[in-house]
2 protein chains.
Amino acid sequence: MDLRQLRYFTAVARERNFTRAAERLHIAQPPLSRQIQLLEEELGVSLIHRKSRPIKLTDAGRLFYEQALQVLGRIDQMKDATRRVGLHRNKVLSIGFVASTLYGGLPLLIRKLRQNAPELDIQLLEMLSIQQIAALKEGRIDLGFGRLKHSDPNIHSTVMREERLVAALAQDTELARDIAPLPLAALSGQKLIVYPKEPRPSYADQILTLLQDEDVRPSEVLEVREIQTALGLVAADSGISIIPASARQMRSDVLYRLIDGPRAFSPVILNHRAGDSSRYLVLVKQLIRDMYAENPPWLEANNIHPLPAEGGSPGAAEN
Amino acid sequence: MDLRQLRYFTAVARERNFTRAAERLHIAQPPLSRQIQLLEEELGVSLIHRKSRPIKLTDAGRLFYEQALQVLGRIDQMKDATRRVGLHRNKVLSIGFVASTLYGGLPLLIRKLRQNAPELDIQLLEMLSIQQIAALKEGRIDLGFGRLKHSDPNIHSTVMREERLVAALAQDTELARDIAPLPLAALSGQKLIVYPKEPRPSYADQILTLLQDEDVRPSEVLEVREIQTALGLVAADSGISIIPASARQMRSDVLYRLIDGPRAFSPVILNHRAGDSSRYLVLVKQLIRDMYAENPPWLEANNIHPLPAEGGSPGAAEN
DNA sequence: TTACTATCATACCCTCAGGGTATAGTGAGC
DNA sequence: GCTCACTATACCCTGAGGGTATGATAGTAA
């Protein structure tokens, strides 16, 4: 497949007419017909009902059309952004993050960052905690928000906060009767759903280690690839999952109970290359301190405990 | 530009070596070098530092690399989805929506829909209310969630609920002292920010008409293109904006006060082609009734008033 | 039904973009 | 400064993509 084919197809779909589309594309009509045929052949699917005038798109064609428009738009944006950066009009900051931080302070941080550094092209890449370590070393990202501690000397880490863990429970089950915090021990003998399945080690191991350390044994452990699947299975009454408190927003058709216990927390960790002294890194750290200082509603709502040492003194509680 | 060039560039970026990338692509090294040069020439930007071994990406190159990966992935997904639909394994339902419904019931509806019809490819397209009318007629979407009433006989509409309006106020301003509901009249003499600027008529006109009907005259009206901009300006103390209650989630650094008055509501309207009797349309309507029947927390939290006639009897309160 | 028009598909030719081979140029390490 | 590993340059050749001519057919009006 070829971008040319996408452009040709979108022109035909827009005009609902091969001849006019060809004119608009500044080519003759036969080659246009042929390119569309080749495209349909490659996909193994007919995109256009030709046995009617004006022509109509098939269901597949309509889907393909909308997606093609989006891809083409995306490519234009990509070219523009690359040019801006290449011509030194803009700088790039690539930020890796685990999905759950989307439900915490990350969106606000990004907004603040855009306000404070409008010349910055911010690139957000969803990736797991260990993938962030590799991506930092390769220079694919400049900053990572993860949930896993690591021991790589080239990567500098800051625990930003410890977030309460909650159990996600199916409605109308025994444990869902009460809403008081749940002792970890209550999970003994229950079916547990953990995520992500790979790559390891991951948040799943953090949860499994916690249970093991507290000598809590689930009757069964099911590993799934992502939190959405885990919550889906919970909703289908296939077990219990343990998630960071802020991720409760992801689904409202399951019940959540805070988990009790001094270790029932998951950290949010800021990772960056040791020795990186970019002004944007400094800015991000400052903005994070500002955010905690403002003590926004989501902090309390999500039962998040900022670390005592944080919030005021720069550099405190790091590494 | 060409997809081939994107594939070539990602291979080089991955391998950090032209020769090995060429092998992996099953072409000779010189043509690969040339394609990358052409790409850089078209962009007018250097993507690769060649004066080091192994080669390194420039800032622009890193940005371009990540974006290119995403675009290529997107294209694969697009091909797969189109094939599935074309081979009748899946059906497509295209849903147009105004941005603010993302903060209401739409995400939950989509989840329910996926559960109830896993064979369905759901395509979400953000568009304004009037754009939805045109898109429905052209068959670009099958379903629209908008906020504007219309009078097109080919489009069937159902008011799903009336949502409270709230005023977005800059922190530390006079009106932000109190948190009690704000009478519309309090907006007299204030700077007002409305959106979207175009295409008209839009939600902006709905608000302006409301104020006019109630004889409330702002000192100044500023039109901006989208709600994010409006809230950004509010945060910068450039005026007051009026938004649907559920959109409060978009920004936490401004203050919101409910607006008082019998007409201070904005409807959420379901649009579809008159005569469309697809089973998925029926399913969506059923799921919406289920959702309201469950009376989820966001309904109350957003001060939404379901219409009395809705929720139980199918077909009631329609059109 | 027929004739007409608008429009898409087919057949066939030609050109140049992209790939190949040979080789020159160059950064990095000993 | 020599060598190795690697990239750029020079030049040739082939086929994908575009052009022209024409056939095939849906829609339409009489």
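So that the names make sense, note that chain A is the first sequence line, chain B the second, and so on, each numbered from 1.
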Quick one: do R84(B) and D121(B) satisfy side chain to side chain contact (heavy atoms under 4.5 Å, CB included)? Show the steps, please. CA-CA 9 Å; R84(B) 276 200 310 274; D121(B) 254 302; 3.3 Å; yes

Which side-chain N or O atoms in residues 68-76 of chain A pair as donor and acceptor under 3.5 Å with protein atoms at least two apart or in another chain?
from   : atom 1 : to     : atom 2 : distance (Å)
Q70(A) : OE1    : R74(B) : NH2    : 2.5
R74(A) : NH2    : Q70(B) : OE1    : 2.5

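- Looking at residues 10-21 of chain A, you'll see N17(A), F18(A), T19(A), R20(A) sit with a heavy atom under 4.0 Å from some atom of DNA chain C.
- Separating the CD1 atom of I36(A) from the C1' atom of dG17(D) is a distance of 14 Å, rounded to the nearest angstrom.
- The shortest non-hydrogen separation linking R140(B) to S94(B) is O-CB, 3.5 Å.
- Every side-chain contact (heavy atoms from CB on, under 4.5 Å) that P30(A) has, sequence neighbours left out, goes to A28(A).
- Scanning for side chain to side chain donor-acceptor pair (under 3.5 Å) contacts around Q131(A) gives an empty result, with sequence neighbours left out.
- For the helix from dT1(C)-dA30(D) to dC30(C)-dG1(D), the axis fitted to the five pairs at one end and the axis fitted to the five pairs at the other end meet at an angle of 40° (nearest 10 degrees).
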Audit row: S100(A), R147(A), side chain to side chain donor-acceptor pair (under 3.5 Å) steps and yes/no: CA-CA 9 Å; S100(A) 61; R147(A) 288 197 176 270; 2.7 Å; yes

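- Between I48(A) atom CD1 and dT25(D) atom P there is a gap of 19 Å when expressed in whole angstrom units.
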Below 3.5 Å between N/O atoms, which protein atoms pair up with nucleotides 26-30 of chain C? Just atom names and distances, please.
none

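- A search for side-chain contact (heavy atoms from CB on, under 4.5 Å) contacts involving D2(A) returns R4(A), Q5(A), D2(B), not counting sequence neighbours.
- By the side chain to side chain donor-acceptor pair (under 3.5 Å) test, E119(A) pairs with Y280(A), sequence neighbours left out.
- At most 12 heavy atoms of other shown residues, nucleotides or ligands fall within 6.0 angstrom of atom CZ in R225(A).
- Every residue meeting the side-chain contact (heavy atoms from CB on, under 4.5 Å) condition with H49(B), not counting sequence neighbours, appears here in chain and number order: K56(B), T58(B).
- Listed pair S33(A) / dA9(C) meets the phosphate criterion, a side-chain N or O lying under 4.0 Å from OP1 or OP2.
- Between the CG atom of L39(B) and the P atom of dA8(D) there is a distance of 13 Å, given to the nearest Å.
- dT20(D) atom P lies 13 Å from atom CD of E23(A), rounded to whole Å.
- Salt-bridge formation is detected for the pair R50(B)/E40(B): a Lys NZ or Arg NE/NH1/NH2 atom is positioned less than 4.0 Å from an Asp or Glu carboxylate oxygen.
- For the pair K56(B) NZ and dC6(D) P, the interatomic distance rounds to 18 Å; values are reported in whole Å.
- Every pair passing ring-ring contact (aromatic ring centres under 6.0 Å, His included) that includes a residue from residues 7-40 of chain B is listed here, sequence neighbours excluded: F9(B)-F64(B).
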Heavy atoms under 4.0 Å is the rule here; annotate nucleotides 18-24 of chain C 5' to 3' with B where the base is hit, S where only the sugar-phosphate is, and - elsewhere. BBBBB--

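- With no hydrogens or angles considered, a side-chain donor-acceptor pair links Q286(B) and R289(B) at under 3.5 Å.
- Here the P atom of nucleotide dC8(C) and the CG atom of L57(A) are 13 Å apart, to the nearest Å.
- For Q37(B), a side-chain nitrogen or oxygen approaches OP1 or OP2 of dT9(D) to under 4.0 Å.
- Rounded to whole Å, atom C1' of dC8(C) lies 12 Å from atom CD of E40(A).
- Residues satisfying the side-chain contact (heavy atoms from CB on, under 4.5 Å) criterion with D59(A), sequence neighbours excluded, are R62(A), V85(B), K91(B).
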